[in-house]
Amino acid sequence: MTSFSSSPPPAKSPTPTAPPHVENENTDPTQTPLPPPPGYGVTGILRRWRHEDTLKRVSLGLRVLGFVFSVLAFIIMASNKHGRGRNFDEYEEYRYALAIAILSTLYTGLQSWRQIYEMSNGKQIISSRNLALIDFFGDQIIAYLLISAASAAVPMTNRMREGADNIFTDSSAACISMEFLAFFILGLSAMLSGYTLAKKTYV
């Protein structure tokens, strides 16, 4: 009896499959375009305008406060005359304090007027680049002069108060306090001016 060897059936080759279809993003008409990056478009422009307007209002408020304190220091010291030995003009420290109070009054007054004029009329008196530099350096210089004048008058006032505490020493102390407050306000204004200057891309 002849035996036949049975061979295994041939293995089936895998059926080729078509590669997955990748849609071209450039040709898809239904694709939603990406939003613009922050800071661009109408929303970004409006946000930037509101931010700049807020900075201008804060800067104006600080300078108006600096003007008020400077005027008070000037008036108090200028009227501090109460007889021989109790007149401010007899002491170099008090004359210096009065001079710086006048200078601070002029600076903060002119700056406040300029900002009010520009905000009400929408016109700039000075170019933006020069204005940013004037604000930055002007605030720092006046603030330094104010703290210098107040610090120079403190030792004199303390020595006088050791002998007699009267209306002359009280007025001198009030003037010194006003100059310290004006220094603090203009110090904040200088920080704000520095921030504004740093944001200017054309400087």
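Values reported hereafter were calculated over all heavy atoms of this structure, with side chains retained and with hydrogens, waters and symmetry mates removed. Model, not experiment: these values are computed from the prediction.
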### Task
Would you check, one step at a time, whether the test side chain to side chain contact (heavy atoms under 4.5 Å, CB included) holds for V68 with M178?
CA-CA 9 Å; V68 171; M178 293 299 103; over 6 Å; no
### Task
Carefully, step by step, assess T105 and S70 under the rule side chain to side chain donor-acceptor pair (under 3.5 Å).
CA-CA 5 Å; T105 299; S70 299; 4.6 Å; no
### Query
So S172 and M160, side chain to side chain contact (heavy atoms under 4.5 Å, CB included) or not? Walk me through it.
CA-CA 10 Å; S172 301; M160 288 185 174; 5.8 Å; no
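Residue pairs meeting the ring pair (Phe, Tyr, Trp, His ring centres under 6.0 Å) criterion with at least one partner in residues 105-139, sequence neighbours excluded, are W113-Y117.
Put simply, the residue from I147, L106, L103 that forms a side chain to side chain contact (heavy atoms under 4.5 Å, CB included) with I142 is L103.
Counting only heavy atoms from C-beta outward, the side chains of L186 and Q140 never approach each other to under 4.5 Å. Here the side chains of D135 and R63 are in contact, with some heavy-atom distance below 4.5 Å. Taking 4.5 Å as the limit, some side-chain heavy atom of V154 sits within range of a side-chain heavy atom of F180. Within the 4.5 Å cutoff, side-chain heavy atoms of T157 are placed close to those of Y94. Within the 4.5 Å cutoff, the side chain of L181 has no heavy atoms near those of the I185 side chain.
The shortest non-hydrogen separation linking M119 to R57 is CE-CG, 3.7 Å. Nearest approach of I76 to A174, heavy atoms of both residues: CD1-CB, 4.0 Å. When every heavy atom of E179 is checked against every heavy atom of A73, the shortest pair comes out as CG-CB, 3.8 Å. When every heavy atom of D139 is checked against every heavy atom of S189, the shortest pair comes out as OD2-OG, 2.8 Å.
R161 meets the salt bridge (Lys or Arg N to Asp or Glu O under 4.0 Å) test with D165, D170; sequence neighbours excluded. Qualifying side-chain contact (heavy atoms from CB on, under 4.5 Å) partners for L98, counting only residues two or more places apart in sequence or in other chains: F74, M77, A78, F88, I102.
Judged purely by atom type and a 3.5 angstrom limit, R86 uses its side chain to pair as donor or acceptor with the backbone of H82. Side chain of S104 to backbone of A101: no donor-acceptor contact under 3.5 angstrom is found. For S112 (side chain) and G109 (main-chain N/O), no donor-acceptor pair under 3.5 Å exists by modelled atom type.
Distance check, rounded to the nearest 0.5 Å: CG of N87 to CZ of F168 gives 7.0 Å. From R159, atom CZ reaches atom CE of M156 across 5.0 Å, with rounding to the nearest 0.5 Å. To the nearest 0.5 Å, the span separating CD1 on I134 from CD1 on I141 amounts to 11.0 Å.
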